[in-house]
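Worksheet for the structure shown next.
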Protein chains: 2
Amino acid sequence: MSGSPRRESSDRRVRRTRRAVQQALTELILEKGYETVTVTDLINRANVGRSTFYAHFTDKQDVLFSNLDELSDLLHLAPASRPGVLFAFSLPMFEHLQEQRRLVRALLGRRGGGVVMARGEQIMAAVVRDELLAGLPSGSTPPASLDLMITCVVGAFMALLRKWADGELTATPAEMDAAFRAVVTPGVEEALAASPRGRGPAPG
Amino acid sequence: MSGSPRRESSDRRVRRTRRAVQQALTELILEKGYETVTVTDLINRANVGRSTFYAHFTDKQDVLFSNLDELSDLLHLAPASRPGVLFAFSLPMFEHLQEQRRLVRALLGRRGGGVVMARGEQIMAAVVRDELLAGLPSGSTPPASLDLMITCVVGAFMALLRKWADGELTATPAEMDAAFRAVVTPGVEEALAASPRGRGPAPG
DNA sequence: TTATAACCGAACACATTGTTCCGAAACAAG
DNA sequence: CTTGTTTCGGAACAATGTGTTCGGTTATAA
């Protein structure tokens, strides 16, 4: 029964154990890929009793998610750095991920099982929504298709990200960023500009 | 040892068995979701011996994929119906999937495990590539970022599709199609038009 | 020092997978 | 209808993984 206890324990043993397990997970992910890592692997590598493991985590996934919170920060802070630019998170994101390439690849690639991708999409969607709402002409109503638009943008970005991590695409962060924005930005800006008040989009 | 034996067997028992298992799978998917279906479930529902199952299929996934080939046809035929329109596959796709909504939802949604999504992406990527190449100004060189572009487009589309199947988005096929094309088309057309020969893009 | 909380690890019940074996049944061909 | 071949059934099996329980040990905080 642990779920995701936000706070750090005061007991040193607890911290030690949790750290050991988390560390073991990233090691094993790099070696075997997330999906094939078993709980048994984890407790062996971490030198932790079986019962101890289940006293701290419910799952393999629980361990994984306990390591996945810093990502959100990076994304939410990014837009402030380049005000006025749509999807400013893009470049910093690609750059950041290139540094931790191996782990990212193991987590986001096809062998990663998609759990991390799912989490990432949620986080990203929140960021994109903020940006889009901020990018609207002041005083205008969000178009009804906002959610569809967000989904498109996030979908495009994540797809790019995954293939990149998977090694199916070779490009620099700058190129990735450029391609992403080139495809997505024109359509989004048109859509944003064209819906001041409850009016539907005005095609052709 | 079966992999994917293209041809239908002449032995009635074989056809019967394979059908029973495939049928059992879609039933169980609708009831429990793909990931939680076990081989044991399958053979029970299909009334098939364990050894018999493994004589025909290697996997759960093998059964799934044996049912997943008609999709490709639909996508590849679509562009011919509306010549000159980018991403003509979009609307027919959404419409087709709406008819088989429940199964599609079980297969493509989050509970579907992503196997079908992965397959779908491959198929889609081929279709999109064809369309983009066909849409280039005649005699021009495909931009180096073609793969990135394809990834974006496919990613956006698949994301839309998944959320829709998952029930996280409520919209008509026409609305889905419109949103998809609204976001993606402008950027793509700009990019296509702007790269006849190694020249950089010429904005504004 | 002491009470408490965390740890270890073995043992357990349970589920799932994939293989093997052989008698019974269904089949296609003649 | 007979015959030789193929498939089926289903039990039994080994292997692996999961999550729980329990009693004894040890580190920690106060």
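Residue numbers start from 1 in every chain, and the chains themselves are labelled A, B, ... in the order their sequence lines are given, proteins ahead of strands.
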Looking at CZ of A:Arg18 and CZ of A:Phe57, how far apart are the two atoms once the value is rounded to the nearest 0.5 Å?
->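 If I round to the nearest 0.5 Å, the distance is 4.0 Å.
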What integer distance in Å separates [X]:[atom1] from [N]:[atom2]?
X	N	atom1	atom2	value
A:Arg15	C:dA5	CZ	P	17 Å
B:Leu42	D:dG9	CG	P	14 Å
A:Asp62	D:dT18	CG	P	14 Å
A:Arg18	C:dA6	CZ	C1'	13 Å
B:Asp11	C:dA25	CG	C1'	12 Å
A:Asn44	C:dA10	CG	C1'	14 Å
B:Ile43	C:dT19	CD1	C1'	13 Å

Report the residues that fulfil side chain to side chain contact (heavy atoms under 4.5 Å, CB included) with [X], sequence neighbours left out, ordered by chain and then residue number.
X	answer
A:Ala159	B:Thr151
A:Asn44	A:Thr40
A:Glu95	A:Leu91, A:Pro173
A:Arg15	A:Glu8, A:Arg12

Please identify each residue that fulfils side-chain hydrogen bond (donor to acceptor under 3.5 Å, both in side chains) with [X], with sequence neighbours left out.
X	value
B:Asp41	B:Lys32, B:Thr38
A:Gln98	none
B:Glu27	B:Gln23, B:Arg45

Angle, rounded to 10°, between the helical axes spanning five pairs at each terminus of the helix from C:dT1-D:dA30 to C:dG30-D:dC1?
->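 About 40° separates the two local helix axes.
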Donor-acceptor pairs are to be reported for all side-chain atoms of residues 178-185 of chain A against protein atoms at under 3.5 Å, with residues two or more places apart or in another chain.
residue, atom, partner, partner atom, Å
A:Arg181, NE, A:Leu86, O, 3.3
A:Arg181, NH1, A:Asp177, OD1, 3.1
A:Arg181, NH1, A:Asp177, OD2, 2.9
A:Arg181, NH2, A:Phe87, O, 3.0
A:Arg181, NH2, A:Asp177, OD1, 3.4
A:Thr185, OG1, A:Arg181, O, 2.8

For C:dC8, does either OP1 or OP2 sit under 4.0 Å from a side-chain N or O belonging to A:Thr52?
->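 So the side chain of A:Thr52 is within the cut-off, an N or O lying under 4.0 Å from OP1 or OP2 of C:dC8.
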Tell me whether the OP1 or OP2 atom of C:dC7 has a side-chain N or O from A:His56 closer than 4.0 Å.
->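 So the side chain of A:His56 is within the cut-off, an N or O lying under 4.0 Å from OP1 or OP2 of C:dC7.
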Could you run down the sub-3.5 Å N/O contacts of the protein with nucleotides 11-18 of chain C?
residue, atom, partner, partner atom, Å
C:dT17, OP1, B:Val39, N, 3.4
C:dT17, OP2, B:Val39, N, 3.0
C:dG18, OP2, B:Tyr54, OH, 3.2
C:dG18, N7, B:Arg50, NE, 2.9
C:dG18, N7, B:Arg50, NH2, 3.3
C:dG18, O6, B:Arg50, NE, 3.4

Taking for each residue the nucleotide of DNA chain C bearing the nearest heavy atom, is the 5' side occupied by B:Ser51 or by B:Arg16?
->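 Going by which nucleotide is closer to the 5' end, it is B:Ser51.
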For nucleotides 24-26 of chain D, which of its nitrogen or oxygen atoms have a protein nitrogen or oxygen under 3.5 Å away, and what is each distance?
none

Using the side-chain contact (heavy atoms from CB on, under 4.5 Å) rule, pick out the option among A:Ile43, A:Thr58, A:Thr17 that qualifies with A:Phe53.
->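 Result: among A:Ile43, A:Thr58, A:Thr17, A:Ile43 is the only option passing the side-chain contact (heavy atoms from CB on, under 4.5 Å) with A:Phe53.
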A:Arg13: what forms a salt bridge (charged side-chain N to carboxylate O under 4.0 Å, His left out) with it, not counting sequence neighbours?
->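 Salt bridge (charged side-chain N to carboxylate O under 4.0 Å, His left out) list for A:Arg13, sorted by chain: A:Asp11.
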